[in-house]
A.B. asks: 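Before we start, here is the structure in question, set down as structure tokens.
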Number of protein chains: 2
Amino acid sequence: MRIVAAALALFAEHGVSATSLQMIADYIGVTKAAVYHQFKTKEAIVVAAVEVELAKLEEVLDAAEAAERDKSSLETLLTQVIDLAVEQRRMVSTLLYDPVIVRLLGEHEPFQQFMDRLYRAMLGKNRDAESRLRVAMIASAIGGAVTHPLVADLDATMLRTELVRLTTDFLGLED
Amino acid sequence: MRIVAAALALFAEHGVSATSLQMIADYIGVTKAAVYHQFKTKEAIVVAAVEVELAKLEEVLDAAEAAERDKSSLETLLTQVIDLAVEQRRMVSTLLYDPVIVRLLGEHEPFQQFMDRLYRAMLGKNRDAESRLRVAMIASAIGGAVTHPLVADLDATMLRTELVRLTTDFLGLED
DNA sequence: GTCTATAGAATGATAGAC
DNA sequence: GTCTATCATTCTATAGAC
């Protein structure tokens with residue numbers, strides 16, 4: 001869907017609220033009316049855009065749930081999440097922090113359930129405060145680091161490698 | 001300034017772009033025109049709001065620069081940054097990730113210089129990729145964790161204590 | 001599926017009275 | 001400093017022709 005791709009690019013740059021349907025239409029070279037023919041509302045575009053991005057996460061999450069939960073499967077999950085975050089570098093902070101998307105993730109039930117699955121996969125049976133904080137920190141560290149000005153000069157491969165090393169270290173998963 | 005306080009509260013909830021001057025005026029019970037009498041543009045309000053928040057960071061940064069740079073002064077800085085982040089829990093992700101504010105931090109010279117000072121205080125002479133990534137991760141982990149749904153139930157004291165422990169651990173500053 | 005045209009509301013900003 | 005009133009623009013969304 002060209003519309004969703006355009007929306008994602010514009011959301012990442014300007015945020016959801018500052019992205020108008022006119023901007024999306026211009027981006028792909030059609031009129032607003034053409035966009036409205038495929039999506040009844042702007043909100044529907046936002047939902048579709050979030051779905052597209054979460055779908056990528058879902059694949060690695062399925063795999064993680066299928067495997068038995070041990071150090072190596074957790075490390076695999078972490079590595080794949082990092083791969084995705086680095087690939088989607090420009091999108092990440094929008095998906096994690098844009099107020100419109102945050103509200104959507106909290107209200108839309110399918111999204112809520114998905115986030116629960118993700119957290120459960122990373123936490124396992126450890127639901128104590130420290131474990132939850134560790135996961136919250138790791139998730140934020142990955143999401144924030146990939147767009148941080150301090151490491152804007154690092155190429156994707158370098159960033160990926162170092163992030164995997166430092167996160168497995170922090171979670172105590174080193175071999 | 002009541003306007004700035006209102007703006008900050010609304011920015012934190014809706015983001016800068018989704019916050020109109022009408023909303024700010026309503027919040028403090030005056031008209032838009034009254035707001036425009038004190039701030040020529042919406043941008044000026046955003047600048048003032050960011051200045052107010054950065055001013056809090058500036059105090060602890062001044063202290064860090066005055067002290068000689070060693071483990072204990074770095075730990076002090078980290079602890080105070082965490083204190084501020086926990087106190088300003090609702091504001092943090094807006095200040096770090098709102099597209100309008102990000103653009104402002106990058107374009108406004110005083111803000112740029114301030115961020116440089118902050119990074120320098122945390123990095124010291126270590127400008128290698130791993131050190132920069134560690135700082136980027138720590139900054140993101142702190143900023144993200146304080147608003148993360150996984151730890152929304154933790155009270156401020158608990159969150160503060162655990163964050164200090166885990167971040168000093170990650171930076172290798174434990175005694 | 002795409003277009004033109006437009007409705008109806010909200011936006012940032014200004015003029016001028018009190 | 002605050003108000004009413006207004007302007008020009010932009011926004012989401014819809015109607016209807018091709």
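Keep in mind that what you see is a predicted model, and the values were worked out from it rather than measured. Computed over heavy atoms, backbone and side chain alike; hydrogens, waters and symmetry mates excluded.
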A.B. asks: Starting at CD of B:Gln22 and ending at C1' of D:dT6, how long is that distance when rounded to a whole Å?
C.D. replies: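 Rounded to the whole Å, the gap is 14 Å.
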A.B. asks: What integer distance in Å separates A:Asp26:CG from D:dT10:P?
C.D. replies: 12 Å
A.B. asks: Can A:Ile82 and A:Leu166 be said to form a side chain to side chain contact (heavy atoms under 4.5 Å, CB included), step by step?
C.D. replies: CA-CA 11 Å; A:Ile82 289 172; A:Leu166 291 176; over 6 Å; no
A.B. asks: What is the separation between atom CD1 on A:Ile24 and atom C1' on D:dT10, rounded to the nearest whole Å?
C.D. replies: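 After rounding, the reported distance stands at 15 Å.
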A.B. asks: Ion pair present between A:Arg117 and A:Asp62, side-chain N to carboxylate O less than 4.0 angstrom?
C.D. replies: yes
A.B. asks: Name the one of A:Glu59, A:Glu58, A:Glu53 that satisfies salt bridge (charged side-chain N to carboxylate O under 4.0 Å, His left out) with A:Lys56?
C.D. replies: A:Glu53
A.B. asks: Quick check on DNA chain D: between B:Val30 and A:Ser17, whose nearest nucleotide comes earlier from the 5' end?
C.D. replies: B:Val30
A.B. asks: Give B:Ser20 one of three labels, base, sugar-phosphate or nothing, depending on what nucleic acid heavy atoms sit under 4.0 Å from its own.
C.D. replies: sugar-phosphate
A.B. asks: Run the ring-centre check on B:His148 versus A:Tyr119 and record whether the distance is less than 6.0 Å.
C.D. replies: yes
A.B. asks: For the backbone of B:Lys125 and the side chain of B:Arg120, can you confirm whether one donor and one acceptor N or O come within less than 3.5 Å of each other?
C.D. replies: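 The answer is no, because no donor-acceptor pair under 3.5 Å joins these two groups.
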A.B. asks: Would you check if there is a donor-acceptor pair between the side chains of B:Asp116 and B:Gln112 at a distance under 3.5 Å?
C.D. replies: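 The answer is no; no qualifying pair exists.
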A.B. asks: Can you give me the first and the last nucleotide of DNA chain C (5' to 3') that has an atom within less than 4.0 angstrom of a non-hydrogen atom in chain A?
C.D. replies: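 Contacts span C:dG1 to C:dT4, reading 5' to 3'.
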